[in-house]
Amino acid sequence: MIASGTASQTLGTAAEQCAPFTHRVGVFGGAFDPPHLAHRELAEAALEQLGLDVLHILPTGQAWHKSRPLTSAEHRLAMCELAFGDLLKMRLDPRETLREGPSFTADTLMELADEYPGAELYLVIGTDQLLAFKTWQRWAEVLELATLAVAQRPHPGQADPQNFAAAADISGVDVPFVTLVMPLHNISATAIRARASTANGLGPDFDRLVSNDVASYISTHSLYQDPT
Ligand code: ATP
C-alpha cells in the first residue's frame, strides 16, 4: 500500500515512477534566501549543458555551515516556486527542509541514488562552494555519489565594480569536476537581503537581482527587514 500525506512521500513516489526513464539527475541545493537571478541562470545552464532529465532544486534545512538563522522554509520554498517553477524538468524538492537536525548533501545524494537507480547524479554548485568543498561533511562520499558541475562566480568578497570580471581562482582545486559555462554575476543573497532592509529597499533596478515575482513576494511578506 502506498502511504499518502507528507511531501517527501509524494515526491518519493513520483521519483520512483519516472526512475526507469531518468538517466541524468541534477541536484541544486542552496539556502535560496532569496533565490536570485544567478541561481536561475545556473539552473538553466545545468539543465541545458548537462542534458539533464530532471533537476531537483533543494532549499536547505538548517545548513550546518551557516550560522545565520534562515528565513522559514515555507517562504523559501514559495520563492523557489516563483523563481524556478516555469523550468521544464525542474522539481522543487522540500526534503532537506523536512529533515530533523542538520542537513548533509551526502544524505540527500544517497536518497536520490536509491530513487533513481543507475542514474548519473550531478551536483550543481558555484566556485565558492568548490573552493570550500573539502570542508563539507563527508565530502569524499559526495564525490563517490555525484559529479560536481561548477559555475564560475566572482571572487568572494569582491565589491569593487572595477574588478567585476575577476573570477574566483580555482587553480588549486584538487577534486574532479566539470565546468558549466555561465557569465560572471556579482549577485549574492547576502547583498540582496542587505539591500531589502534599507529604506530604498526594492528599488527600480532590483529586477537585475531577483525576478519581479520574487521581488513582489519579498515586499508583500516584508522579508529581510533585519539585515543579517
Ligand atoms: P548567501 O549570500 O546567503 O551565502 P548565495 O547567494 O551564495 O547566498 P546560496 O543559496 O547559498 O546563495 O547558493 C546556492 C548555490 O548557488 C551555491 O552553490 C552557490 O555557489 C551558487 N551561487 C550563488 N550565487 C551565485 C552566483 N552569483 N554565481 C554562480 N553561482 C552562484
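Both ligands and their constituent atoms are indexed starting at 1 by order of listing.
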- Could an N or O of ligand 1 be found under 3.5 Å from any N or O of D33, whether backbone or side chain? no
- Task: List every atom of ligand 1 that sits less than 4.0 Å from any heavy atom of S188, numbering the atoms from 1 in the order shown and giving each element.
- Result: 2 (O), 6 (O)
- F177 meets the ring-ring contact (aromatic ring centres under 6.0 Å, His included) criterion, sequence neighbours left out, with none
- Which bit of L42 gets closer than 4.0 Å to ligand 1, counting heavy atoms only: side chain, backbone, both or neither? side chain
- salt_bridge(R95, D93) N-O dist < 4.0 Å: yes
- Query: Which of the atoms in ligand 1, numbered in the order shown and given with their element, are less than 4.0 Å from a heavy-atom of T190?
  - Reply: 1 (P), 2 (O), 3 (O), 4 (O)
- Message: Below 4.0 Å, non-hydrogen atoms only: which portion of H36 touches ligand 1? Side chain, backbone, both or neither.
- Response: side chain
- Do the two ring centres, one from H56 and one from Y122, sit under 6.0 Å apart? no
- atom 14 (C) of ligand 1: which of P183, C80, G29 has the nearest heavy atom? G29
Which atom pairs, donor and acceptor, lie under 3.5 Å between side-chain atoms of residues 80-90 and protein residues at least two apart or in another chain?
| unit_1 | atom_1 | unit_2 | atom_2 | d |
| --- | --- | --- | --- | --- |
| D86 | OD1 | R40 | NH1 | 2.6 |
| D86 | OD2 | R40 | NH2 | 3.3 |

- Task: Could you list the atoms of ligand 1 found under 4.0 angstrom from a heavy atom of G126?
- Result: 18 (O), 19 (C), 20 (O), 21 (C), 30 (N)
- Message: If the cut-off is 4.0 Å to any non-hydrogen atom of F28, which atoms of ligand 1 fall inside it?
- Response: 15 (C), 16 (O)
- Query: Would A191 count as a contact of ligand 1 if the rule is a heavy atom under 4.0 Å away?
  - Reply: no
- Could you please spell out the steps behind the side chain to side chain donor-acceptor pair (under 3.5 Å) verdict for D33 and Y224? CA-CA 9 Å; D33 195 10; Y224 311 125; 2.5 Å; yes
- Query: Just by distance, do the side chain of Q49 and the backbone of V181 share a donor-acceptor pair under 3.5 Å?
  - Reply: yes
- Once you round to the nearest 0.5 Å, how far does CZ of R24 lie from CD of E120? 5.0 Å
- Any donor-acceptor pair under 3.5 Å linking the side chain of H39 with the backbone of H36? yes
- Message: Would you compute the distance between atom CG of L70 and atom CZ of F32 and round it to the nearest 0.5 angstrom?
- Response: 12.0 Å
- Can you tell which of L180, D128, N186, I125 gets a heavy atom nearest to atom 19 (C) of ligand 1? D128
- Can you check whether V27 reaches L58 side chain to side chain, under 4.5 Å on heavy atoms? yes
- Task: Examine ligand 1 and decide if any of its atoms is less than 4.0 Å from a heavy atom belonging to A31.
- Result: yes
- Query: Can you list the ligand 1 atoms lying under 4.0 Å from a non-hydrogen atom of F32?
  - Reply: 10 (O)
- Query: Should you measure from each heavy atom of Q129, which atoms of ligand 1 turn up under 4.0 Å away?
  - Reply: 17 (C), 18 (O), 20 (O)
- Near M182, which atoms of ligand 1 are under 4.0 Å from a heavy atom of that residue? 28 (N), 29 (C)
- Do any nitrogen or oxygen atoms of P154 come within less than 3.5 Å of a nitrogen or oxygen of ligand 1? no
- Query: Going by the order shown, which atoms of ligand 1 are within less than 4.0 Å of some heavy atom of R193?
  - Reply: 3 (O)
